[in-house]
Asks: 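Before I ask anything, here is the structure I am working with.
Quick note: residue numbers are just sequence positions, from 1. Nothing here was measured: the structure is a model prediction, and the numbers come from that model.
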Amino acid sequence: MKVVATVEGATVISSTAFAEFYDHALNDVYSYLARSVVGNRSEAEDLTQETFAAAASAAKAGRPEALTMPWLMGVARHKLIDHYRRAARDERHLALVGVDRSDSFECDLPDGADPSRVLEMLHDLSPEHRMVLILKYVDELPAQEIASMLDRSLEATKSLLSRARRALAASLTEKPA
């Protein structure tokens, strides 16, 4: 089967090729996003749909990279970052009406913290803290790359990571298993 063809100088990607790519890639994209939104099924489904909608648009525009996993996972990561930015903005709006989420407790993660417990505690963090921890520890991105993705300085990103780790540690110590 030919995935890409050139018709009158324009690149064309067949709908069959896209459908086959979708079937092949769906589980990987959904799994990545489900882990990144800490198991929230509806958010993972929405982000997966947004990711494939972007891929379909790119494929329709004749961009052959739209049918590659690296490109698609990059789109998924960008959709995830946008999601957490929106959630952080919404949380800031809520803070204006009196909801306060302080992360001033200072400690490191307890040694031997149960990974499933850590994942559960991510739910208690702000969207911004969740996002930066996922980019750092799930996607294993260096701080400089995270800073670039978030349009922040390296120092501001390191500070955000530090606050996020303290908030997670506080959540783990405040709610023992």
Asks: Are the side chains of Met149 and Arg77 in touch, meaning some heavy atoms are under 4.5 Å apart?
Replies: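 When only atoms from C-beta onward are counted, Arg77 and Met149 do touch, with a gap below 4.5 Å.
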Asks: Using modelled atom types and a 3.5 Å cut-off, is there a donor and acceptor pairing between side-chain atoms of Ser57 and backbone atoms of Ala53?
Replies: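 Confirmed, Ser57 side chain pairs with Ala53 backbone.
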Asks: Check whether any side-chain heavy atom of Lys79 lies under 4.5 Å from a side-chain heavy atom of Asp46, and answer yes or no.
Replies: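 No; the side chains remain at least 4.5 Å from each other.
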Asks: How would you list, by chain and number, every residue that makes a side-chain hydrogen bond (donor to acceptor under 3.5 Å, both in side chains) with Arg86, sequence neighbours excluded?
Replies: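 Scan of Arg86 (side-chain hydrogen bond (donor to acceptor under 3.5 Å, both in side chains), adjacent residues dropped) gives none.
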Asks: Apply side-chain hydrogen bond (donor to acceptor under 3.5 Å, both in side chains) to Tyr137 and list each qualifying residue two or more places apart in sequence or on a separate chain.
Replies: Arg165
Asks: Which heavy atom of Ala143 sits nearest to which heavy atom of Thr157, and what is that distance?
Replies: O-CG2, 3.8 Å
Asks: Between Tyr84 and Val37, does the side-chain contact (heavy atoms from CB on, under 4.5 Å) criterion hold? Intermediate values first, please.
Replies: CA-CA 9 Å; Tyr84 278 123; Val37 294; 4.1 Å; yes
Asks: Would you give the length of the straight line joining atom CG of Leu47 to atom NE2 of His83, rounded to the nearest 0.5 angstrom?
Replies: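 Reported to 0.5 Å precision, the distance equals 5.5 Å.
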Asks: Taking side chain as C-beta onward, heavy atoms only, is Leu141 less than 4.5 Å from Lys136?
Replies: no
Asks: Run Phe21 and Leu72 through side-chain contact (heavy atoms from CB on, under 4.5 Å) and show every step you take.
Replies: CA-CA 10 Å; Phe21 178 72; Leu72 187 65; 3.6 Å; yes
Asks: Of all heavy-atom pairs between Glu65 and Trp71, which one has the smallest distance, and what is that distance?
Replies: O-CB, 3.1 Å
Asks: Would you say the side chains of Ser126 and Arg130 form a donor-acceptor pair under 3.5 Å?
Replies: no
Asks: Should Val29 and Phe18 be regarded as members of a common hydrophobic cluster, given that ILVMFWY residues are connected when their side-chain heavy atoms come within less than 4.5 Å of each other, either directly or indirectly?
Replies: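 Linked, Val29 and Phe18 end up in one cluster.
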Asks: Classify the side-chain pair Ser42/Asn40 by whether it contains a donor and acceptor separated by less than 3.5 Å.
Replies: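 Result is yes, a qualifying pair exists.
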Asks: Walk me through it: do Leu33 and Glu43 pass the test side-chain contact (heavy atoms from CB on, under 4.5 Å)?
Replies: CA-CA 8 Å; Leu33 291 168; Glu43 285 179 4; over 6 Å; no
Asks: I need the Leu154 CG to Ile146 CD1 distance, nearest 0.5 Å.
Replies: 10.0 Å
Asks: Below 4.5 Å, heavy atoms only, C-beta onward: do Asp28 and Met69 meet side chain to side chain?
Replies: yes
Asks: Do you know the tightest heavy-atom contact between Ala66 and Ala59?
Replies: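 Nearest pair, atom of Ala66 first, then Ala59: CB-N, 3.7 Å.
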Asks: Looking only at heavy atoms, what is the nearest atom pair of Gly62 and Ile13, with distance?
Replies: C-CD1, 4.3 Å
Asks: With rounding to the nearest 0.5 angstrom, report the NE2 to CG distance, His129 to Leu168.
Replies: 10.5 Å
Asks: Assess the side chains of Ser31 and Arg35: does a donor N or O sit below 3.5 Å from an acceptor N or O?
Replies: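 Checked: Ser31/Arg35 side chains show no N/O donor-acceptor pair below 3.5 Å.
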Asks: So for atom CD, which belongs to Glu45, do other residues, nucleotides or ligands contribute more than 12 heavy atoms lying within a distance under 6.0 Å?
Replies: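 Buried by this count: over 12 neighbours within 6.0 Å.
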Asks: If hydrophobic clusters are built from ILVMFWY residues whose side chains come within less than 4.5 Å, do Leu67 and Tyr30 share one?
Replies: no
Asks: What residue among Ile134, Leu135, Leu133 forms side chain to side chain contact (heavy atoms under 4.5 Å, CB included) with Met131?
Replies: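 It is Leu135, the one option of Ile134, Leu135, Leu133 that forms the side chain to side chain contact (heavy atoms under 4.5 Å, CB included) with Met131.
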Asks: Closest approach of Val132 and Ala164, non-hydrogen atoms and distance?
Replies: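 Minimum heavy-atom contact is CG1-CB, 3.7 Å.
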Asks: Measuring from Leu80:CG to His78:NE2, what's the distance to the nearest 0.5 Å?
Replies: 10.5 Å
